[in-house]
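Excluded from the calculations below are hydrogen atoms, water molecules and symmetry mates; all remaining heavy atoms, backbone and side chain alike, are included. Naming: A, B, ... by sequence-line order, numbering from 1 per chain.
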Amino acid sequence: MAPVAPKSGDAIFASVDRVNAELFTLTYGAIVRQLLTDLEEVDEVNKQLDQMGYNIGIRLVDEFLAKSNVSRCVDFRETAEVIAKVGFKMFLGVTASVTNWDSEGTTCSIILEDNPLVDFVELPDNCQGLYYCNILSGIIRGALEMVSMKTEVTWLRDMLRGDDVFEMQVKLLKAVPEEYP
Amino acid sequence: MQFFGGTEISPSPPAPTASGNNAHMLYIFNRNGVALLYREWNRPLKTLSPQQDHKLMFGLLFSLKSLTAKMDPTSADKGNLGVPQLPGQGCSFHSFRTNTYKLSFMESPSGIKLILVTHPKTGDLRDSLKYIYNLYVEYVVKNPLYSPGTPISCELFNKTVDQYVRGLG
């Protein structure tokens, strides 16, 4: 029996359960608002969002692999492309693009022009240091760690701070092969 | 198969080719060798304690994967024997058969290994293993009460797997 070909992001997005976009945006906004009230320090909130994203990412990767049928990516370039085209499409319904590869192929930027998390959102003056979408960087970091890649994800451009797109930089630190336990 | 959310699991379950409960055992391991699930339906001979049995199974598969990858005549790049490979990289073996049983194996790139031991006349079980992986995602991964890396104790998952395996050829 021939192995099943990987599905495109659109096909999977059409087949999974979807929630109302506004409900999703408002729920996320409520989470961030509550974290700000509980933790008060913007840096703490950033760290907590990243940690929450990490916990989501380690589970999300299995769902992604099961639904999308992609086989192991050959190199980091393919990984980034798959995250941007299939992953973001499948879970958020938007397609991202990958640019700014460095010479070794270990760092790239994922650009999001359209981000459902930030609809209706404005950052007030006392929260200027807040990375509102930091949960996304945690998710990518967690998911990649489960496929043996240690990465570091940082935000370069943020629409809530006046830039024109969301740009996150994904840097591959180490590919960690499976050790016999 | 209908779930809480009402979606169909994809791929849809392969049609059973014969009736009867003829699968022997199912193991699910994670990337660190922790046995997440062990189900047994038909195992007349037991020689080892469960921990030793799991360790043996995990070690066997780890070595087999390594060996099959190194022996691959079509691959250009081969590491030295013993060098760990990323899960899913290189060629991957999917089953072996003896005169008394057939062992089918599937590994996801995230390191989740599924092993199903059945009777020797069973056909290719790759689609079935994929379906069980989808069940794992729906019942276990999405379960907020489950901590990743610990043995699975979700009754609903166990029941669904039992039911599905019973229908396999």
S.K.: Nearest 0.5 Å, please: how far is CD in A:E145 from OG in B:S110?
M.R.: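 CD of A:E145 is found 12.5 Å from OG of B:S110.
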S.K.: Got a sec: does the CD of A:E113 have more than 12 other heavy atoms crowding it under 6.0 Å?
M.R.: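 Count not over threshold, so no.
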S.K.: Which atoms of B:V34 are under 4.5 Å from chain A, going by heavy atoms: the side chain, the backbone, both sets, or neither?
M.R.: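 For B:V34, neither part sits under 4.5 Å from chain A.
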S.K.: Let's test your reading of the structure: which of B:I112, B:V137, B:V140 forms the most heavy-atom pairs below 4.5 Å with chain A?
M.R.: B:V137
S.K.: Are A:I31 and A:V19 co-members of a hydrophobic cluster defined by side-chain heavy atoms under 4.5 Å apart?
M.R.: yes
S.K.: How long is the span from the CD atom in A:E63 to the OH atom in B:Y133, to the nearest 0.5 Å?
M.R.: 10.0 Å
S.K.: What distance separates B:K130 NZ from A:L65 CG, expressed to the nearest 0.5 Å?
M.R.: 8.0 Å
S.K.: List in chain and number order the residues that pass salt bridge (charged side-chain N to carboxylate O under 4.0 Å, His left out) with A:E152, two or more places apart in sequence or in another chain; answer none if no residue qualifies.
M.R.: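 Not a single residue meets the salt bridge (charged side-chain N to carboxylate O under 4.0 Å, His left out) criterion with A:E152.
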S.K.: What's the shortest heavy-atom distance between B:N134 and A:K67, and which atoms?
M.R.: OD1-N, 4.4 Å
S.K.: Would you say that more than 12 heavy atoms from the other residues, nucleotides or ligands in this model lie under 6.0 Å from the CD of A:Q128, or not?
M.R.: yes
S.K.: More than 12 foreign heavy atoms under 6.0 Å from CZ of A:R33: is that the case here?
M.R.: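 Check fails, neighbour count at 12 or below.
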S.K.: Which residue pairs pass the salt bridge (Lys or Arg N to Asp or Glu O under 4.0 Å) test when at least one of the two sits in residues 37-59 of chain A, sequence neighbours left out?
M.R.: A:E44-A:K47, A:D50-A:R141
S.K.: Counting only non-hydrogen atoms closer than 4.5 Å, does A:I58 touch chain B with its backbone (N, CA, C, O), its side chain (CB onward), both, or neither?
M.R.: side chain
S.K.: So which atom in A:S71 and which in B:P109 form the shortest heavy-atom distance, rounded to 0.1 Å?
M.R.: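 Smallest interatomic distance, heavy atoms only, reads C-CG, 4.5 Å.
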S.K.: If two hydrophobic side chains count as joined below 4.5 Å and joins carry through other members, does B:Y131 share a cluster with A:V16?
M.R.: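 Yes, B:Y131 connects to A:V16 through the hydrophobic network.
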S.K.: Decide yes or no for B:P148 and A:M146: does some side-chain heavy atom of the first lie under 4.5 Å from some side-chain heavy atom of the second?
M.R.: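 No, side chains not in contact.
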